[in-house]
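Predicted model, so just to flag it, every value in this text is computed and none were measured.
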Amino acid sequence: MAAGGTAQAKTPPDQLIIGMNMNNLLTLDPAAMTGNDIVGIVVNLYDPLIELDPQQLTNVRPALATSWEVNDARNLITFHLRDGVKFHSGNPVTADDVVWSMRRILHLNLAQASVWKSYGFSKKNVDEMVRSPSPGIVEIQLPKPNDPKLVIYSLAALGSVVALDRKTVQAHEVNGDWGNRWLTTNEAGSGPFRLDNWQAKDVLNMSRNPLYWRGEPKLSRVVFRHFQESQTLRLMIEKGDLDIANNMAVSDVTALSHDPAMQVDQVKKGTIYYVAMSMKEPHFANPKVREAVRYLIDYQGIGKALMNGYGIVHQRPIQVGMPATLPDPGYQLDIPRAKALLADAGYPDGFDTTLRVLADQPFLNIAIAVQSTLMQAGIRAKIVTGTGNQIYGAMRERKFDMLVGRGGSGVEPHPHSSLRALVYNPDNSDAARLTNFQGWRTGFYDKQLNADIDHALLERDPEKQKQDYFAIQERYDALIPALVPVSQMVDSIVVRRDVKNYLPHPSATTFLRDVWKDDPADAQPTGGKGL
């Protein structure tokens, strides 16, 4: 019985029904995925080598690898795999599968390749750098000097470096695509759950893997259902038709927080809400225009009126809470200063532009607020709404003017994680296709800043490293970047109280293998196919 004597949820006792906005769920291929929503699904279909503890992110836990070590030169990480793990197909999980899966990321060169390219991996060297010298052993040699701790964090946190069933994927390969087309709507994992079916923008069903190496999951089925409207999510979880609701409006979350049958989990994440400008667009190539935009955002007003439950005001690229994060510079809305900067830049009457944004909250409300304050200085921004593929797709193609978005990784507990995603841009050419780097997307490039980020990563003295990160943030600020941090994300998740052991993960890798409802002994498989 739920707290306060209210009725139990109507969902089956052995099934978990999760409501969320699935507009940005575009592919199930771990090498191609973008955004947080898909990560929480992939990590329940596949197994990684290692994983991060959701309650202590710096604690790296074994998964497919039982142990690992770094050599004295800090350029080789060796993993020892556990025996007896099988894929959903029944094929054994081998070191060759793990090696092939990581090589595949670089050869495909899709979204998840960006992080590994920043570490020096490429199509040309990955086959040599990632290898299996003997059964049960995986070696990852770092192509250039790096902090192996960060690489280990990336392996554990990103959700992309998982073991794929090589034989199954290769059987569905078409024209050398490494099985990408097939994996868009299918899976080939060894995780606690198996994919039953996925209907885009409708429903995704998983059923438990009875032969899972950690032990059979307590839930027989997990169902993800698509809801675009927050009020619908609220109604469904109030009625007991959902167990968990994500992506809800703050007003609905607040209302549900008073319901004794519900609890609200607020998770601070490393991702940043931002206003971005494309430096390939002539207006924003001018630093005075970018600085004017910096003073045309009402950070405090947006934070107070729009971001309660969504985020906290933050104006630095490194996330809050890390010793290396500088205090906010304190930027505020300043219309006269912005007008003077625009006049100096040659735009005394402003100019016309477009502002792309998801048609979801809080993004749309942020964009409307920014549009209003831009107008006060003469920048006439037409809001263009769309799906994640339309909005972020334009950004990944570097074909946009302005954009309100959210990104920045921050999933690894290391300052470089945020800098890599938001600032770092080692190759500003269109051909580089560093599509997961916001720096590349916006065309923001500074050779010295890249070098400073590389240097700080290798600094072994913690105090010196912290000072290096302070200097990086100061230089980034002085360069008037094309991406203006506005707020750090807070994820508010509503969970019915009869759901047990659900631990939201700051890196989006929420594991469902140990979740249950009430007494798991009472849960009997229904044999159905989900909702």
Chemist: So, do Y476 and F444 have ring centers that fall under 6.0 Å from each other?
Modeler: yes
Chemist: When you measure from the side chain of H88 to the backbone N and O of G191, does any donor-acceptor pair fall under 3.5 Å?
Modeler: yes
Chemist: So, F193 versus Y212, ring centres under 6.0 angstrom or not?
Modeler: no
Chemist: Using atom types as modelled and distance alone, determine if a side-chain donor or acceptor of R290 lies under 3.5 Å from a backbone N or O of I480.
Modeler: yes
Chemist: Looking only at heavy atoms, what is the nearest atom pair of S114 and T435, with distance?
Modeler: OG-N, 3.6 Å
Chemist: Please list, chain by chain and in numerical order, all residues satisfying salt bridge (Lys or Arg N to Asp or Glu O under 4.0 Å) with K123, sequence neighbours excluded.
Modeler: none
Chemist: Tell me the closest heavy-atom pair linking D29 and T27, and the distance in Å.
Modeler: N-OG1, 3.1 Å
Chemist: With no hydrogens and no angle check, is any side-chain donor or acceptor of E412 less than 3.5 Å from a backbone partner on H414?
Modeler: no
Chemist: If we ignore hydrogens and angles and just use 3.5 Å, is the side chain of S492 paired with the main-chain N or O of Q266 as donor and acceptor?
Modeler: no
Chemist: Do Q488 and K268 come close enough that some side-chain heavy atom pair is under 4.5 Å?
Modeler: yes
Chemist: Counting only N and O atoms by type, is there a donor-acceptor contact under 3.5 Å from the side chain of Q473 to the main-chain atoms of L326?
Modeler: yes
Chemist: Just by distance, do the side chain of R166 and the backbone of W100 share a donor-acceptor pair under 3.5 Å?
Modeler: no
Chemist: What I'd like to find out is whether the side chain of W116 reaches to under 4.5 Å of the side chain of V130, using heavy atoms alone.
Modeler: no
Chemist: Give a yes or no on whether the ring-centroid distance for H107 and W178 is below 6.0 angstrom.
Modeler: yes
Chemist: I'd like to know if the side chain of E397 and the backbone of K399 have a donor-acceptor N/O pair within less than 3.5 Å.
Modeler: no
Chemist: Report the C-alpha separation of S190 and Y46 in whole Å, then their side-chain angles, then the decisive distance to 0.1 Å, and conclude whether the side chain to side chain contact (heavy atoms under 4.5 Å, CB included) test is met.
Modeler: CA-CA 5 Å; S190 62; Y46 295 87; 6.0 Å; no
Chemist: Does D446 have any side chain to side chain contact (heavy atoms under 4.5 Å, CB included) partners at least two apart in sequence or in another chain, and if so, which?
Modeler: Q448, L449, R475, L479
Chemist: Using atom types as modelled and distance alone, determine if a side-chain donor or acceptor of S101 lies under 3.5 Å from a backbone N or O of L164.
Modeler: yes
